[in-house]
Amino acid sequence: MPPRITTSKEMIIEAGYCIADEEGIDQVNCRAIAKKLGCSTQPVFSRFPNMDELKEEVFNHACDKLEQSIADRLKNREGCSLVEVAVTVLADMARDHKNLYKLIYLSDFRSEKTFLEEREKYQTNQLIMKELIDKYKIDSERVESIFERVSLLVHGICTVIATTTMNYSNEKVIKIVIDELTYAGKLDG
C-alpha cells in the first residue's frame, strides 16, 4: 500500500495564501484549497471546520510574510533608509500582489484595533520609528503621531496603486514620504 499523504495545517494555510494572492480572500474555501492541494475536502475540514478561522490564519500568514519580506530587504538595503525599504515593499505589493495588499490593508480582519496599535506590534515598524527619531530628528514624544500620519499617507498611495489604474513609481512614493518626514522634522526642530 502506498504511504498515506498527510495534509498539514501549514500546507492548507499556504494553499489559502496562494489562492488569496491569485484570486482574493473571498475565493478561499474548502473546495478551492482541496483542489490546490490535490486532496479531498476532508483534511481541510478536519483542520479547519470553520472557514472564518482559516481565513484569519491566511490573513496572519500574509502579515507574517510581509514582515519577513521587509526584514529580508532590510538586510540587503545598501544605502537605503528603513523608510525607503518599507515604502518600496508596500508599493511593490500594491502593484504586484493587489489581492494580498487588499487582504492585509483593506479587509475587516484588523477592525478591532487602531491603525497605530496594529503597526506598532511589528518589529520593522519599531525600527522605522527609531530611524524617524535619529535620522529625521523627530521628537520622540511626537514620533508615534508622525509615524501614524506618514503610514496613512503611504497606505493611501498604495491603495490608489492597488485599486485603480494609476501607478506611482517607487521613487515618486519615496519622494512624497521623505518630503513629508523632512517637513515634520522641521516642525519639531
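Taking every heavy atom of both residues into account, Leu100 and Met93 meet most closely at CB-CE, 4.1 Å. Of all heavy-atom pairs spanning Ser46 and Pro49, the tightest one is O-CD, 4.4 Å. Of all the heavy atoms in Asp21 and Asn99, the pair that sits closest is O-ND2, 3.2 Å. Nearest heavy-atom pair across Phe147 and Ile128 is CE1-CG2, 3.9 Å. Across every non-hydrogen atom of Glu84 and Cys80, the tightest pair is OE1-CA, 3.2 Å. Among all heavy-atom pairs drawn from Ile138 and Val143, the shortest one is CG2-CA, 4.0 Å.
A chain of hydrophobic side-chain contacts below 4.5 Å, direct or via other Ile, Leu, Val, Met, Phe, Trp or Tyr residues, connects Val83 to Ile176.
Using a 3.5 Å distance cut-off with no hydrogens or angles, the side chains of Asp72 and Gln68 do pair a donor with an acceptor. In summary, the side chains of Arg73 and Ser69 do not present any donor paired with an acceptor at a separation below 3.5 Å, with no hydrogens or angles considered.
When side chains are defined from C-beta on, Ile178 counts as touching Tyr136, because their heavy atoms get closer than 4.5 Å.
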With a cut-off of 3.5 Å and sequence neighbours excluded, list every side-chain donor-acceptor pair involving residues 9-18.
residue : atom : partner : partner atom : Å
Glu14   : OE1  : His61   : NE2          : 2.6
Glu14   : OE2  : Lys65   : NZ           : 3.4

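Residue Tyr168 places its OH atom among 12 or fewer non-hydrogen atoms of other residues, nucleotides or ligands, all under 6.0 Å distant. Within 6.0 Å of NZ in Lys135 there are more than 12 heavy atoms belonging to other residues, nucleotides or ligands.
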